[in-house]
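What follows is one structure encoded as structure tokens, with my remarks underneath.
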Amino acid sequence: MNMFLYNTKTQRKEQFFPQDPSKVTMYVCGPTVYSYAHIGNARPAVIFDVLARLLRREFPSLVYVRNITDIDDKINAAAADQGVSIADITTTYTRAYHEDLEALGVLAPDVEPRVTNHIPQIIAMIEALLQAGNAYEEQHHVLFDVPSFIDYGELSHRKREDMLAGARVEVAPYKHDAADFVLWKPSSEELPGWDSPWGRGRPGWHIECSTMAEAHLGDTIDIHGGGHDLIFPHHENENAQSVCAHHGVPFCRYWVHNGLITVDGEKMAKSVGNILLVRDLLTQAPGEAIRLALLSAHYHGPLDWTEEGVLQARRSLDRLYQALRDMHDVPVVDSLQRDIPDTFLDCLRDDLNTPKALAVLFGLAHEAHTAVDKAQRSRIKNDLLAAGDLLGLLQQDPEVWFGGADAGLDTARIERLIEEREAARIAKDFETADRIRDMLLKQGVILEDVADGTRWRVAS
RNA sequence: GGCUGGGUGGCAGAGUGGUUAUGCAGCGGCCUGCAAAGCCGUGAACGUCGGUUCGAUUCCGUCCCCAGCCUCCA
């Protein structure tokens with residue numbers, strides 16, 4: 001059970017040893033709910049979902065926390081923009097986030113804390129930082145005193161001097177040091193705020209994750225995940241806060257970051273106008289195909305999102321489901337006792353190498369088409385389903401996959417035409433038979449004549 | 001300017017100090033009334049320049065290119 005993860009902090013792949021093997025802890029930065037989830041939000045959700053599934057299998061228990069950030073100036077701006085309440089915005093987009101992730105086969109985390117439910121704890125942590133001498137109050141703000149934390153920059157591998165060189169932000173007058181960041185800031189009348197020892201205000205950006213991690217997982221967590229863009233400043237600051245609030249106790253043992261998504265080779269950004277919403281992608285391809293597309297590249301590297309990539313993912317699933325379809329009458333062992341082959345598990349244990357794991361899946365599909373032995377076929381089907389389940393794939397009925405689920409097809413009509421064609425074939429009227437087949441093909445329905453009759457599928 | 005990740009065959013994408021995954025696409029064959037699916041076979045790659053080595057795509061260094069971060073973006 002050797003597991004390895006690339007640790008951003010040490011910049012190398014390390015063997016994973018949880019602090020307490022009986023209870024692994026993982027915290028992943030969730031969304032700020034001010035708009036619909038885009039494909040870049042979906043990538044970490046899917047990746048850490050796979051990691052969570054793997055950890056649950058490899059260790060007796062896992063506590064997986066993925067937060068919802070429901071206090072943020074972008075939320076306030078969206079509310080003002082749309083003329084609705086802040087609660088309306090966060091409720092709407094939290095629900096949308098859940099719907100989108102569910103469509104991608106992402107399981108719910110064990111805990112999904114919200115910032116608004118942790119204000120007292122946030123205030124307590126800020127007080128702890130003030131007491132420890134790592135924070136100061138200035139003009140109704142409370143700021144983290146970066147120079148007071150000697151290890152600052154350790155995670156993102158930056159030196160403070162270097163950071164100042166290219167800084168594109170002006171230093172606020174209430175900061176003692178340019179690198180200091182806000183823990184608490186004052187709220188005006190119309191903005192959401194809570195009473196605190198420093199007046200009515202709201203938390204800064206980073207403190208909520210430190211607080212929620214502490215509240216649900218303790219002082220030291222095993223794995224902290226998120227997008228590559230969060231390494232600095234978010235995680236660097238989170239680490240500084242937590243370590244200082246806990247008097248030097250390490251905050252996180254393994255920092256795991258996923259690469260970012262580009263769209264047709266270009267950065268995905270509002271300014272470029274190429275933000276792809278999960279919601280919109282789901283109208284173009286099944287959620288399972290989008291999930292596979294996200295897992296088809298190693299999590300650590302960049303992923304270029306293209307229509308061709310989604311199409312390839314659909315075809316990959318066609319191939320895998322084709323194998324399952326051919327084994328529709330092959331029995332499998334009870335799902336609770338499913339064994340997953342080590343060849344497959346080892347791929348994931350090695351820094352979550354999903355592309356390599358997928359290759360094992362294709363190998364199984366190939367075996368399925370060549371094996372004749374009954375017991376062997378049963379084993380193959382079992383492996384395919386069990387391994388697929390760990391990736392959150394292949395759990396549909398193949399008929400549903402090939403039926404194009406919501407393609408809005410008249411199934412009865414297709415079946416009738418297939419019967420007509422069959423009659424024509426028996427009568428050796430191949431002209432009619434081919435005409436029917438071509439007609440269906442034009443409508444995106446492909447016919448396959450197999451041993452026990454004619455079956456159909458929707459073209460990818 | 002600093003920091004980080006990446007540059008592999010037509011495309012996507014793993015991996016390895018020497019016999020070069022996997023999927024899609026291509027080519028030849030089998031199967032089929034013909035197809036489709038599947039099977040069998042097959043061509044094709046490691047950004048640049050150096051170094052280490054018997055041998056490097058794989059290790060080290062240089063350079064080039066791409067992407068991201070550098071205070072509220074997953």
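Throughout, a chain's letter reflects where its sequence line sits, starting with A, and its residues are numbered from 1.
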Return the value, rounded to whole Å, for the distance between atom [atom1] of [X] and atom [atom2] of [N].
{"X": "His228(A)", "N": "rG5(B)", "atom1": "NE2", "atom2": "C1'", "answer": "5 Å"}
{"X": "His235(A)", "N": "rU71(B)", "atom1": "NE2", "atom2": "P", "answer": "17 Å"}
{"X": "His157(A)", "N": "rG2(B)", "atom1": "NE2", "atom2": "P", "answer": "17 Å"}
{"X": "Leu352(A)", "N": "rG15(B)", "atom1": "CG", "atom2": "P", "answer": "12 Å"}
{"X": "Ile231(A)", "N": "rG2(B)", "atom1": "CD1", "atom2": "C1'", "answer": "15 Å"}
{"X": "His328(A)", "N": "rA37(B)", "atom1": "NE2", "atom2": "C1'", "answer": "14 Å"}
{"X": "Tyr321(A)", "N": "rA36(B)", "atom1": "OH", "atom2": "C1'", "answer": "21 Å"}
{"X": "His234(A)", "N": "rC3(B)", "atom1": "NE2", "atom2": "P", "answer": "24 Å"}

In whole Å, measure the gap between the [atom1] atoms of [N] and [M] for me.
{"N": "rG41(B)", "M": "rC34(B)", "atom1": "C1'", "answer": "23 Å"}
{"N": "rG28(B)", "M": "rG17(B)", "atom1": "C1'", "answer": "35 Å"}
{"N": "rU71(B)", "M": "rU62(B)", "atom1": "C1'", "answer": "34 Å"}
{"N": "rU58(B)", "M": "rA21(B)", "atom1": "C1'", "answer": "15 Å"}
{"N": "rA36(B)", "M": "rC60(B)", "atom1": "P", "answer": "48 Å"}
{"N": "rU20(B)", "M": "rC46(B)", "atom1": "P", "answer": "15 Å"}
{"N": "rA56(B)", "M": "rG15(B)", "atom1": "P", "answer": "22 Å"}
{"N": "rC59(B)", "M": "rA37(B)", "atom1": "C1'", "answer": "46 Å"}

### Message
Tell me every residue that passes side chain to side chain contact (heavy atoms under 4.5 Å, CB included) with Gln312(A), counting only those two or more places apart in sequence or in another chain.
### Response
Glu308(A)
Ring centre gap for [X] and [Y] strictly below 6.0 Å:
{"X": "Tyr36(A)", "Y": "Tyr93(A)", "value": "yes"}
{"X": "His140(A)", "Y": "Trp198(A)", "value": "no"}
{"X": "Tyr136(A)", "Y": "His176(A)", "value": "yes"}

### Task
Using a heavy-atom cut-off of under 4.0 Å over every strand shown, decide if Gly309(A) touches base, sugar-phosphate, or nothing.
nothing
### Query
Reckon Leu441(A) touches a base, only the sugar-phosphate, or nothing at all at heavy-atom distances under 4.0 Å?
nothing
Expected rows: protein N/O vs nucleotides 31-35 of chain B N/O, under 3.5 Å:
residue: rG33(B); atom: O6; partner: Arg425(A); partner atom: NE; Å: 3.2
residue: rG33(B); atom: N1; partner: Asp434(A); partner atom: OD1; Å: 2.9
residue: rG33(B); atom: N2; partner: Asp434(A); partner atom: OD1; Å: 3.4
residue: rG33(B); atom: N2; partner: Asp434(A); partner atom: OD2; Å: 2.6
residue: rC34(B); atom: O2; partner: Arg437(A); partner atom: NH1; Å: 3.4
residue: rC34(B); atom: O2; partner: Arg437(A); partner atom: NH2; Å: 2.4
residue: rC34(B); atom: N3; partner: Arg437(A); partner atom: NH1; Å: 2.9
residue: rC34(B); atom: N4; partner: Asp449(A); partner atom: OD2; Å: 3.2
residue: rA35(B); atom: N6; partner: Asp449(A); partner atom: O; Å: 3.4
residue: rA35(B); atom: N1; partner: Asp449(A); partner atom: N; Å: 3.1
residue: rA35(B); atom: N1; partner: Asp449(A); partner atom: OD2; Å: 3.2
residue: rA35(B); atom: N3; partner: Arg437(A); partner atom: NH1; Å: 2.9

Sidechain N-carboxylate O distance under 4.0 Å for [X], [Y]:
{"X": "Asp438(A)", "Y": "Lys442(A)", "result": "no"}
{"X": "Arg421(A)", "Y": "Asp434(A)", "result": "no"}
{"X": "Asp346(A)", "Y": "Lys356(A)", "result": "no"}
{"X": "Arg291(A)", "Y": "Asp49(A)", "result": "yes"}
{"X": "Arg416(A)", "Y": "Glu419(A)", "result": "no"}

### Summary
Protein-proximity profile, nucleotides 21-28 of chain B, B/S/- by nucleotide at the 4.0 Å heavy-atom cutoff, equals BSBS----
### Query
With sequence neighbours left out, which residue pairs that include part of residues 300-322 of chain A fulfil the ring-ring contact (aromatic ring centres under 6.0 Å, His included) condition?
Tyr6(A)-His300(A), Tyr321(A)-Trp401(A)
#### Entry: Watson-Crick and G-U pairing of RNA chain B, under 3.5 Å, as dot-bracket with | and [ ]
(((((((..(((.....[...))).(((((.......)))))....(.(((..]....))).))))))))....
Measure the spacing between [atom1] of [X] and [atom2] of [Y] and express it to the nearest 0.5 Å.
{"X": "His141(A)", "Y": "Asp180(A)", "atom1": "NE2", "atom2": "CG", "value": "12.5 Å"}
{"X": "Glu99(A)", "Y": "Leu104(A)", "atom1": "CD", "atom2": "CG", "value": "12.0 Å"}
{"X": "Cys209(A)", "Y": "His118(A)", "atom1": "SG", "atom2": "NE2", "value": "11.0 Å"}

### Message
For a side chain to side chain contact (heavy atoms under 4.5 Å, CB included) check, start with the C-alpha distance between Glu367(A) and Leu364(A), then their side-chain angles and the critical distance, and finish with the verdict.
### Response
CA-CA 5 Å; Glu367(A) 276 188 71; Leu364(A) 286 167; 3.8 Å; yes
### Message
With nearest nucleotide decided by heavy atoms, which residue, Tyr6(A) or His38(A), maps closer to the 5′ end of RNA chain B?
### Response
Tyr6(A)
### Toward the 5' end of RNA chain B, by each residue's nearest nucleotide, Asn258(A) or Asn353(A)
Asn353(A)
Counting side-chain heavy atoms from CB outward, which of [options] is closest to [X]?
{"X": "Ile446(A)", "options": "rA36(B), rA74(B), rU71(B)", "answer": "rA36(B)"}
{"X": "Thr370(A)", "options": "rU4(B), rC40(B), rC72(B)", "answer": "rC40(B)"}
{"X": "Lys185(A)", "options": "rC72(B), rA67(B), rA37(B)", "answer": "rC72(B)"}

### Task
Give a yes/no on whether any side-chain N or O of Gln11(A) is located under 4.0 angstrom from OP1 or OP2 of rU4(B).
yes
### Between His206(A) and His234(A): side-chain donor-acceptor atoms closer than 3.5 Å
yes
### Query
How about Gln82(A): does its CD atom have over 12 heavy atoms from other parts shown lying under 6.0 Å from it?
yes
### Query
What parts of residues 293-303 of chain A reach RNA chain B, counting only heavy atoms under 4.0 Å away?
Ser296(A), Ala297(A), His298(A), His300(A)
